[in-house]
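Please read the structure below before turning to the comments.
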Amino acid sequence: MKGKTGSGRKTSAGAFQGLREDIRVYLRLIRLLNQYNRGWTILFLAAFMNGGMPFVAIWLSAMLLDALYAGRPAAEMMGWALAGAGVSLLMAVLKHFAMRQKNIMWWEMQHRMAEPLMKKTMEMDYALTENARVRALRARQDEYRKQGRDVFERFLEQLELFLTSCVRLVFSLVTVWPFLAGQLLGGWDGRADTGPFTLLAAAALIGSLLLNHWSVTRQGVRRKEIHREHEDENRLNSYMMDEVVLSTEAGKDIRIFHQQKMLESYGDQMNRNWRRMTLQHAANDMRHLGLQGFLSSCVGGIVYLYVAFCAWIGSISTGNVVRYAGAVQQFIQAMTDLSASWNYMHYDRNLMDEYLEYLDLKNERKKGTIPVEKRRDGRFLVEFRNVSFRYPGSERYALRNLNVRLEIGERMALVGRNGSGKTTFVKLLCRLYDPTEGTILLNGVDIRKYDEQEYRRLFSVVFQDFQIFSFALGENIAGSGRVDEARAMDALRRAGLEDLYRKMPDGLATMINRDFSDTGMEISGGEAQKLAMARAIYRDAPFVILDEPTAALDPIAENEIYTGFHEIIGNKTALFISHRLSACRFSKEILVFEDGNVIQQGSHEELVAAEGLYRRMWQAQAKYYR
Ligand code: ADP
């Protein structure tokens, strides 16, 4: 019992705290909206129009009725009717304008409000992009975007309803104010005692509002429960639609491995889930919307009876029956919508919090300031000193206590089994991650002290999972809209893409792939790899790093790459990861990776002569060539 009382008290303090938090988050979203798209303020006008429109009819009907009962001349009534028509027309035009602007704002917003997410994603520490929590945050936002309603759309929808309800509330209070003031301040008018009826009507109104609020809240809570209950299923549904059934990539495997039956049974399961969820939502909505409708009708009836009674005893005019009863109906509607919109916004707090958490992710790596020495002779010395590294969130060391020196102007090859740490080594070298322990030095200075952008400019890397975009050829090579044509052509030639280039209808302006152009050039995996290499050459950085540069190439192209290696990288320091040991023969030095460490280092001849992993790998591969 004791515990219960305690938690009760805590809950009311918690509720207040929760309300403050809610408001803080909404204000933050509004500030973001302001920053990116001020157009959202059109909602005020839309809300004013939507909330105010019904009152034009209410007021004018009341005026007309009063004029009729008072036996005013027909001309006066005509005047009221015309005024009514005029005001309605004006409101309709304004509403139309507001709706038009609102639609424009809505479309713009869908584009503009993707910007904060995009910017954040491109500017955050690379390590964060691989963090599981960060990915989950991002995936949730994407999921809602794909459903066509992201965090801002959902928020604005409810904000509009909220504002409309506020306008409606103000108008209804202003409309009934003379009556309220008369009842509360002016005392009874003496003609008949309406007191008990007033109390009864007020009690019915307040009771219904409280019950309504309870119903709206329950409805929201239940909706959330249903959503939670089906969350995993919904994720499966999205996965099925996006990655499996509608994916052209998966189409090949589905056919070859006869996966249709399996996928259809998943599809059936999906449909059953949808149906169950839809029925649960329908039951929830029916129960509560029914109750809310019932309450509204009941209290509406009571209010009508009450004001009719007041008119009957002569305390208000006939016109006021329409005026007050209409206003009270609007009041009830406004209160229902207020709690519904507030509830909906509160219901979305998780999504909003996750959105803001994503934007607030801090870049934790130190950004150095020292400029990188510009050396014409390209003389750089890189040293890994006792470097160990674990990926964020991982217990295992991907690199362990590594000590390596890279002399400039050398060709260096990294070899070793899959998962032995070669790519990780390259990522650390390019400062995509910082070592967990130890230091990496460039010309004797800790690389964290260098200006990050400048430092990264030293490297040109072709990762195994490089990305070529469906943009113009030139843009892909230059990584920019401004393309130095001569340099791009030179890069294409050195990467062995001259033949392909001749087939390109618009030269460097030819689009890669057909995503955005019917004349786009579809390229093979090998051509894409050469293109990635051309991009690396164009960049003209002192270090060229190639991770399995020939994995997608045919043997002839591969041979061309290795024999033409000097042509490709000129006098740069080249580092390449390869399983093709015959190709490593040309490098001055070979690092053999095993379990996150370099276990052997030397020239091909030295390593073949020595006992060890390299010799075993070499023998295993060489027997196919004998
Ligand atoms: P290699 O290039 O030699 O094949 P990697 O450097 O890619 O090896 O991987 C070294 C180890 O780090 C592997 O055990 C791999 O599973 C792990 N690893 C690679 N990338 C990640 C990552 N983003 N998060 C966690 N572990 C990773």
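For ligands, and for the atoms within them, numbers begin at 1 and follow the listed sequence.
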Handout entry: Under 4.0 Å to a heavy atom of Ala398 - the qualifying atoms of ligand 1, by number
Key = 11 (C), 12 (O)
Practice task
Could you tell me whether Glu454 and Arg457 have a side-chain N and a carboxylate O separated by less than 4.0 Å?
Solution key: no
Exercise for the section: Report yes if some N/O of Thr424 lies less than 3.5 Å from some N/O of ligand 1; otherwise report no. Expected result: yes
Handout entry: Heavy-atom protein neighbour under 4.0 angstrom from atom 15 (C) of ligand 1
Key = no
Problem - Nearest-contact summary for atom 23 (N) of ligand 1 - protein heavy atom, Å - result: Glu130 OE1, 2.7 Å
Problem - Residues Gln269 and Arg272: side-chain donor-acceptor under 3.5 angstrom - result: yes
Problem - Test: Asp499 and Arg502 ion pair at under 4.0 Å - result: yes
Fill in the blank from the handout: among protein heavy atoms, the one nearest atom 7 (O) of ligand 1 is Thr423 CB, 3.6 Å
Handout entry: Contact atoms of ligand 1, heavy-atom distance to Ser420 under 4.0 Å
Key = 1 (P), 3 (O), 8 (O)
Practice task
Answer yes when Lys120 and Asp360 have at least one side-chain N-carboxylate O distance shorter than 4.0 Å, and no when they do not.
Solution key: no
Practice task
Supply the atom-to-atom distance Asn597 CG to Asn403 CG, rounded to the nearest 0.5 angstrom.
Solution key: 8.0 Å
Problem - Gly419, any N or O under 3.5 Å of ligand 1 N or O - result: yes
Practice task
Please state whether Arg417 comes within less than 4.0 angstrom of ligand 1, counting heavy atoms only.
Solution key: yes
Fill in the blank from the handout: Distance col, row Met277:CE vs Glu229:CD, nearest 0.5 angstrom, shows 10.5 Å
Exercise for the section: Just do the ring pair (Phe, Tyr, Trp, His ring centres under 6.0 Å) check on Phe389 and Phe425 with the steps written out, would you? Expected result: CA-CA 9 Å; Phe389 177 71; Phe425 175 85; over 10 Å; no
Problem - ligand 1 N/O within reach of Arg396 N/O, cut-off under 3.5 Å - result: yes
Practice task
May I ask you to check whether Ser394 has an N/O atom sitting below 3.5 Å from an N/O atom of ligand 1?
Solution key: no
Exercise for the section: Please test Arg385 against Glu383 for salt bridge (Lys or Arg N to Asp or Glu O under 4.0 Å), starting from the C-alpha separation and ending with a verdict. Expected result: CA-CA 6 Å; Arg385 216 178 263 172; Glu383 192 180 349; 3.4 Å; yes
Fill in the blank from the handout: atom 17 (C) of ligand 1: closest protein heavy atom, distance to 0.1 Å, is Tyr391 CE1, 4.0 Å
Fill in the blank from the handout: A student checking ligand 1 against Asn418 at a 4.0 Å heavy-atom cut-off should list atoms 4 (O)
Handout entry: Whether Gly421 lies under 4.0 Å from ligand 1, heavy atom
Key = yes
Handout entry: Test side chain to side chain donor-acceptor pair (under 3.5 Å) applied to Glu548 and Arg580, Gln464, His579, the passing residue
Key = His579
